[in-house]
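All values below were derived from every heavy atom in this structure, side-chain atoms included, with hydrogens, water molecules and symmetry-related copies excluded. Just so you know, these numbers come straight off a predicted model, no measurement behind them.
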Amino acid sequence: MNSLTVIQASQGLAKYLKDKHPDSASGGVVIGHDARHNSAKFAALAANAFISQQIPVWFYSEPSVTPSVPFGVTHLKAAAGIMITASHNGAQINTPIDVEIAQSIEENLAPWSGAWKDLQECEYLHADAYKTILPHYTKTVWDYASVGITEFTPVPEQVEPNPDFPTVSFPNPEEAGALDLAMQTADREGKTLIIAHDPDADRFAAAEKVEKDGKRIAVLNSTVSTGMLEKMATAKGIQFEEALTGFKWMGNIARCLEGEGYNVPYAFEEALGYMFPAVCHDKDGITAAMVFLAAQAKWQSQGLTPYMKLQQLFNEYGHYETLNNYFRSPNPETTMALFRAIRNGPYRAEKTLGPFKILRWRDMTEGYDSGTTDNKPTLPVDKSSQMLTLWLDQDVRFTFRASGTEPKVKCK
């Protein structure tokens with residue numbers, strides 16, 4: 001990601017909106033950015049492209065949280081939203097609209113006149129949009145998930161955004177060690193509950209300190225590989241839908257279900273991402289934190305801690321554990337060779353993996369699923385990505401896939 005690619009992508013989207021959806025384009029676009037190095041610069045360059053097409057820009061001048069952008073799009077009835085941040089899913093062409101936008105980008109690669117200039121005041125720039133939108137977003141979150149907890153103790157070293165992330169080795173809550181400083185602060189302040197977000201607040205994690213009593217200690221988080229949500233939904237007569245990783249998939253599925261008359265209160269993904277469509281159709285760590293605290297307040301009134309509630313759910317639906325791991329791949333060729341070796345190995349034919357029996361084999365790259373009547377996956381196949389899911393005996397299920405954003409192969 002650099003200035004040129006930001007300009008090119010912004011020009012393509014601006015031209016697409018202007019030519020294909022002029023009525024919607026008049027509603028403008030919402031542009032936000034996090035506190036990472038160059039984010040503010042990239043956001044300004046993106047704004048230039050839309051202003052040059054006379055498309056209003058609702059510009060978040062200060063570092064903003066990611067869910068405030070999709071919220072702003074809905075609240076302002078804007079045509080699109082752009083968030084300059086990191087650690088999001090790679091580019092994928094999912095719909096006819098994506099194809100048209102990609103084509104528009106290819107047709108507008110040369111920077112337009114004024115593309116590199118500093119952002120200037122003009123009639124199409126609303127530079128204080130964040131100050132307007134943030135109170136509305138905050139009120140919506142509080143109305144959706146009001147909580148009884150009012151005393152919060154922040155980690156002093158992490159209050160102010162720092163693009164160098166000096167307090168952690170990697171700034172995502174699911175990484176080992178990311179909560180160490182929070183735990184130290186909690187111990188010092190006599191707190192037993194921690195809530196945490198990633199730098200742009202679209203992911204949420206929680207941890208509770210539990211006194212050791214011979215039982216293993218639980219850390220509450222969310223993984224896409226768990227079957228617990230499906231089992232709970234089935235037991236309650238609730239519809240359950242499976243989606244590919246990424247909120248572009250879950251957000252669209254939620255909208256489709258809502259169109260069919262369903263109420264979709266909740267969706268989640270493996271990497272500590274949670275969505276509450278009543279607030280916005282995207283990953284929203286802020287709302288997730290408030291919902292968690294609201295639930296914690298209810299459990300507390302019942303004499304339960306989050307850990308005790310989790311054990312209660314285990315007793316009702318069975319015990320679930322997840323293990324997420326990854327290893328780095330030096331290049332895409334090595335990753336491809338790895339998956340090719342797995343597919344060409346004896347596992348699928350012999351239906352065994354070490355001491356385990358393979359009950360079901362799903363290959364989202366090749367478009368094969370031994371668990372369906374026509375041996376075709378019900379989820380969209382993507383030949384450009386590598387993804388295998390195996391169901392084994394002894395209630396084991398795991399997914400082996402190549403990361404779309406990092407040089408990693410993940411096992412979950």
Side-chain angles (χ1 to χ4, degrees), residues 67 138-155 173-174 179 182-197 201-241 254 262-280 283-322 395:
T138 303
K139 182 179 184 303
T140 302
V141 172
W142 276 98
D143 289 346
Y144 183 73
S146 57
V147 301
I149 298 176
T150 57
E151 294 184 8
F152 298 88
T153 302
V155 178
E174 69 267 30
L179 297 182
M183 292 178 184
Q184 294 172 18
T185 303
D187 285 342
R188 186 173 63 248
E189 297 293 329
K191 307 288 187 180
T192 60
L193 191 64
I194 294 171
I195 61 172
H197 294 98
D202 61 356
R203 302 188 199 187
F204 160 74
E208 179 189 9
K209 184 175 183 179
V210 180
E211 296 298 328
K212 293 183 179 180
D213 57 0
K215 298 180 181 179
R216 286 178 291 179
I217 298 175
V219 176
L220 282 69
N221 57 34
S222 177
T223 62
V224 74
S225 59
T226 182
M228 190 172 182
L229 180 62
E230 181 177 6
K231 190 169 184 179
M232 293 172 68
T234 302
K236 298 295 184 181
I238 297 172
Q239 177 75 11
F240 176 79
E241 295 285 342
Y262 284 93
N263 173 33
V264 187
Y266 174 70
F268 83 111
E269 72 164 3
E270 162 270 331
L272 302 180
Y274 307 86
M275 179 178 76
F276 303 88
V279 177
C280 68
K283 187 163 47 176
D284 185 347
I286 301 294
T287 304
M290 302 307 294
V291 171
F292 173 78
L293 292 175
Q296 193 273 342
K298 180 179 179 180
W299 299 332
Q300 188 175 38
S301 70
Q302 299 169 344
L304 298 172
T305 67
Y307 175 78
M308 294 166 63
K309 181 62 179 181
L310 181 63
Q311 302 309 309
Q312 190 181 81
L313 293 173
F314 281 167
N315 289 334
E316 185 174 358
Y317 300 105
H319 189 89
Y320 287 79
E321 289 190 20
T322 60
D395 291 326

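Judged purely by atom type and a 3.5 angstrom limit, T234 has no side-chain atom pairing as donor or acceptor with the backbone of K231.
Here CG of L229 is found 10.5 Å from OH of Y317. Values are rounded to the nearest 0.5 Å. Note that the CD1 atom of I286 and the CD1 atom of I195 stand 8.5 Å from one another [nearest 0.5 Å]. H319 contributes atom NE2, which lies 7.0 Å from atom CD of Q311 (distance to the nearest 0.5 angstrom). Atom CZ of F276 and atom CE of M290 lie 11.5 Å apart (nearest 0.5 Å). Residue F152 holds its CZ atom at 9.5 Å from CG of L193, rounded to the nearest 0.5 Å. Annotation: the span from M228 atom CE to F314 atom CZ amounts to 5.5 Å, rounded to 0.5 Å.
The side chain to side chain donor-acceptor pair (under 3.5 Å) test applied to E241 returns Q239, not counting sequence neighbours.
Summarising the geometry of P306 relative to F292, their closest heavy-atom pair is CG-CZ, 4.1 Å, with the distance given to 0.1 Å. Closest heavy-atom contact between R203 and H197: O-CD2, 3.1 Å. In terms of heavy-atom proximity, Y144 sits nearest to P265 at OH-O, 3.5 Å. Among all heavy-atom pairs drawn from C280 and M275, the shortest one is O-CG, 3.7 Å. Contact between P173 and L179 at its shortest, heavy atoms only, is O-CG, 4.4 Å. Heavy atoms only, all atoms of each residue included: A233 and F240 are closest at CB-CB, 4.2 Å.
Here salt bridge (charged side-chain N to carboxylate O under 4.0 Å, His left out) pairs that include residues 182-192, with residues two or more places apart or in two chains, are D187-K209. Listed by first then second residue, pairs satisfying salt bridge (charged side-chain N to carboxylate O under 4.0 Å, His left out) with a partner in residues 138-150 read K139-D143, not counting sequence neighbours.
In the displayed structure, D395 atom CG is contacted under 6.0 Å by at most 12 heavy atoms of other residues, nucleotides or ligands. Remark: Y262 OH is loosely packed, at most 12 non-hydrogen atoms of other residues, nucleotides or ligands lying under 6.0 Å away.
Contact check for L313 versus M232: side-chain heavy atoms found under the 4.5 Å cut-off. In this structure the side chain of Q312 never reaches within 4.5 angstrom of the side chain of M308, judged on heavy atoms.
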